[in-house]
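Structure, as structure tokens:
Keep in mind the model is a prediction, meaning the values are calculated, not measured. For the single chain, residues carry numbers from 1 onward in sequence order.
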Amino acid sequence: MEKKIPVRMCVACRELKEKRSMLRVVKNSDGKIFLDFSSKASGRGAYVCDNPACINKLKKQRILNKVFSCAVEEEIYSAIEEEYFGKKQS
């Protein structure tokens, strides 16, 4: 039997992609929002794929604010941009 590959939906483009290739943003029970690199932190998770258009759309439309139903600091959006675009330039 083949091992099932977990997939998640990107909050920006709404496409299903492999969980491992995506970045998870979490809002925990204390209301703290952070990037979850282990993909194991408890709390409400939102996944973003590595498409530059998705990262830009995420920031421009403040999608995480809608997903978590609260104000998300600019640092979170900047950290997501840095994580993807910082990696790509190197």
Side-chain angles (χ1 to χ4, degrees):
M1 197 169 125
E2 277 187 54
K3 195 166 195 256
K4 209 172 133 199
I5 299 168
V7 291
R8 297 292 180 268
M9 185 184 288
C10 172
V11 292
C13 66
R14 316 291 288 165
E15 281 182 33
L16 289 174
K17 301 192 178 179
E18 260 188 60
K19 182 180 169 182
R20 280 184 312 204
S21 68
M22 301 173 85
L23 179 65
R24 184 170 186 244
V25 186
V26 176
K27 178 183 177 188
N28 66 12
S29 55
D30 302 332
K32 184 178 183 314
I33 296 170
F34 57 95
L35 303 184
D36 176 23
F37 298 105
S38 69
S39 292
K40 289 182 170 63
S42 63
R44 175 86 170 96
Y47 289 85
V48 185
C49 69
D50 58 0
N51 183 340
C54 287
I55 309 298
N56 293 332
K57 181 179 177 183
L58 184 79
K59 189 172 184 178
K60 192 176 175 192
Q61 295 183 8
R62 316 291 283 164
I63 292 173
L64 291 178
N65 297 27
K66 296 177 186 98
V67 171
F68 296 130
S69 304
C70 69
V72 176
E73 284 112 38
E74 191 59 42
E75 291 99 67
I76 299 296
Y77 288 104
S78 299
I80 293 168
E81 276 186 321
E82 201 174 293
E83 186 57 33
Y84 281 129
F85 298 140
K87 264 193 215 165
K88 293 225 179 333
Q89 268 118 31
S90 59

Next on the checklist: Do Met9 and Leu35 land in one hydrophobic cluster if side-chain heavy atoms of ILVMFWY residues count as linked below 4.5 Å?
Outcome noted: no
Next on the checklist: Between Val26 and Ile80, is there shared hydrophobic-cluster membership here, with clusters defined by ILVMFWY side-chain heavy atoms closer than 4.5 Å?
Outcome noted: no
Rounded to the nearest 0.5 Å, the CZ atom of Arg24 sits from the CZ atom of Phe37 at a distance of 12.5 Å
So Ser42 and Ser29, do their side chains get closer than 4.5 Å, heavy atoms only? no
dist Asp50:CG -> Glu83:CD (nearest 0.5 Å) comes out at 11.0 Å
Please determine if Glu15 and Arg8 form a salt bridge, counting it only when a charged side-chain N lies under 4.0 Å from a carboxylate O. no
Rounded to the nearest 0.5 angstrom, the CD-CG distance for Glu81 and Leu58 is 9.0 Å
Report whether Ile63 and Val25 are members of the same hydrophobic cluster (ILVMFWY, side-chain heavy atoms less than 4.5 Å apart, transitive linking). yes
_Donor-acceptor check, side chain of Lys57 to backbone of Ala12, threshold 3.5 angstrom: yes or no?_
yes
So NZ of Lys3 and CE of Met1: to nearest 0.5 Å the spacing works out to 10.5 Å
Mind checking whether Tyr77 and Val11 sit in one hydrophobic cluster, side chains of I, L, V, M, F, W, Y counted as touching below 4.5 Å?
yes
Just do the side-chain contact (heavy atoms from CB on, under 4.5 Å) check on Lys27 and Lys32 with the steps written out, would you? CA-CA 5 Å; Lys27 178 183 177 188; Lys32 184 178 183 314; over 6 Å; no
Rounding to 0.5 Å, atoms CG (Asn65) and CD1 (Ile33) come to a distance of 7.5 Å
SG of Cys10 to CG of Leu16, rounded to nearest 0.5 Å, is 10.0 Å
Indicate yes or no for a side-chain donor-acceptor contact from Lys59 to the backbone of Glu74 under 3.5 Å, with no hydrogens or angles considered. no
Quick check against the 3.5 Å criterion: does Tyr84 have a side-chain atom that pairs as donor or acceptor with the backbone of Leu23? yes
